[in-house]
Amino acid sequence: MTTKTAAARRSPLANLKPLLIDVGLPIGSYYLLRDALGLGTVAALAWSSVGPALRTGWSVVKKRELNGLSSLILLVNVAGVLLSFLTGDPRLMLAKDSGVSSVIGIGVLVSVALGRPMMTSAVKPWLVKGDAGREAAWERLLGGSPEFRRAERRFSLVWGAVLLGECVVRVVGAYTVPVDTMVWLGSLIMVVSMVLGFLVSGATGAVPMAHLLIAEAGGTECAAECAAEQDAPAAPAVLATRAAVPAVSAGPVVAAVAR
């Protein structure tokens, strides 16, 4: 790897930093406070909400924008605190387990309607992979590619619909299926929903975005390399060698990378 290529890449940790701060830290602190330090559910949820609350407030005050991920985690924690006060028959207990999914699903769908798809923050690190060329290509596509923006919205739309649909199915099951059956069936519904979300959002959103991103980044790199070759003098032997080698189309290369 050349120095230029290494400089164009960030470390995977730096690339995933927003997810680690906005999602990983609140969730990790919740389980640490509850399981390791023995705090109750409400107290653990409240304390683990401090970080998202500060991040949300900071983004509103300093950047004049709403941090989608930290706001969503804060909303989920608040919903968890409120739902923890619900007590009653076993069916109500089963139904309230789906409350968090509904909050996330509605939040994601609202973000799509507002033109700021919330799940973009989750998929971007896996597509950009810390590469400066792809990062620049991502920004260009967001600003000038309607096809890319549609795929971006579809990715979040699928996850919002899946999470909200999971909530509806589990609530209906909680009041129509025997309690003993719903105890294990609820977990199965959740797993199936997650698998469905990954498959559909990938096929309709992430994969089209990846293809457009690779094509955009590859075209820019190719143009830069061609310009550099035209500016740099070549030795006669090198020119003769190039003339003897047939040209290779870039199409199969791009297709191979995309696969």
Side-chain angles (χ1 to χ4, degrees), residues 10 12 14-24 26-27 52 55-56 59 65-76 98 100-170 189-220 254-255 257-259:
R10 296 180 298 171
N15 194 41
L16 295 174
K17 185 178 179 181
L19 286 176
L20 294 174
I21 294 176
D22 294 329
V23 179
I27 294 176
R55 288 272 293 176
T56 301
S59 65
E65 64 181 24
L66 192 64
N67 186 313
L69 281 178
S70 61
S71 302
L72 179 61
I73 295 299
L74 178 61
L75 186 61
V76 167
S98 61
V100 172
S101 295
S102 67
V103 171
I104 298 176
I106 292 172
V108 172
L109 292 176
V110 169
S111 72
V112 175
L114 295 177
R116 298 178 61 87
M118 193 174 293
M119 295 299 292
T120 297
S121 300
V123 72
K124 181 180 177 180
W126 306 106
L127 297 182
V128 173
K129 299 180 180 179
D131 185 86
R134 289 192 178 191
E135 180 75 35
W138 178 284
E139 296 301 327
R140 290 194 299 271
L141 289 170
L142 278 182
S145 174
E147 184 180 359
F148 187 83
R149 292 300 305 270
R150 285 194 296 270
E152 179 197 19
R153 289 193 296 269
R154 283 197 301 270
F155 185 83
S156 288
L157 187 63
V158 168
W159 274 111
V162 166
L163 291 171
L164 190 58
E166 178 208 350
C167 170
V168 172
V169 171
R170 292 179 68 178
I189 292 172
M190 180 183 66
V191 171
V192 171
S193 299
M194 294 300 100
V195 172
L196 182 64
F198 278 114
L199 293 176
V200 178
S201 67
T204 62
V207 171
M209 291 170 71
H211 288 167
L212 291 169
L213 188 63
I214 291 172
E216 177 71 19
T220 303
V254 174
V257 174
R259 288 197 297 268

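In this text, all values refer to a predicted model and were calculated from it rather than measured experimentally.
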Can you give me the closest heavy-atom contact between [X] and [Y], atom names plus distance?
X: L213; Y: W138; answer: CD1-N, 3.5 Å
X: I189; Y: S193; answer: O-OG, 2.7 Å
X: W126; Y: A122; answer: CD1-O, 3.0 Å
X: G133; Y: D131; answer: N-OD2, 2.9 Å
X: G144; Y: P146; answer: O-CD, 3.6 Å
X: L163; Y: I104; answer: CD1-CG2, 3.4 Å

Do the side chain of R134 and the main chain of L127 share a donor and acceptor less than 3.5 angstrom apart?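 Between the backbone of L127 and the side chain of R134 there is a qualifying donor-acceptor contact (under 3.5 Å).
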
Is a side-chain N or O of S156 found less than 3.5 angstrom from the main chain of M119, in a donor-acceptor match?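 Yes, the answer is positive, given that a donor and an acceptor are paired below the 3.5 Å cut-off.
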
side-chain hydrogen bond (donor to acceptor under 3.5 Å, both in side chains) pairs, two or more places apart, involving residues 159-169: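 Residue pairs passing side-chain hydrogen bond (donor to acceptor under 3.5 Å, both in side chains), neighbours aside: S101-E166, W159-S201, E166-R170.
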
Contacts of R149 that satisfy salt bridge (Lys or Arg N to Asp or Glu O under 4.0 Å) - sequence neighbours left out: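 Here the qualifying residues are E152.
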
Within the structure provided, determine whether [X] and [Y] are in side-chain contact (heavy-atom separation under 4.5 Å).
X: R154; Y: P208; value: yes
X: L164; Y: L109; value: yes
X: F155; Y: T120; value: no

According to side chain to side chain contact (heavy atoms under 4.5 Å, CB included), who are the partners of V168, at least two apart in sequence or on a separate chain?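 Partners of V168 by the side chain to side chain contact (heavy atoms under 4.5 Å, CB included) criterion, ordered by chain and then number, come out as V172.
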
For the OG1 atom of T204 and the CE atom of M209, what is their distance to the nearest 0.5 Å?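 One finds 10.5 Å between OG1 of T204 and CE of M209.
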
Between atom CG of L142 and atom CZ of R140, what is the distance when rounded to the nearest 0.5 Å?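 If I round to the nearest 0.5 Å, the distance is 11.5 Å.
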
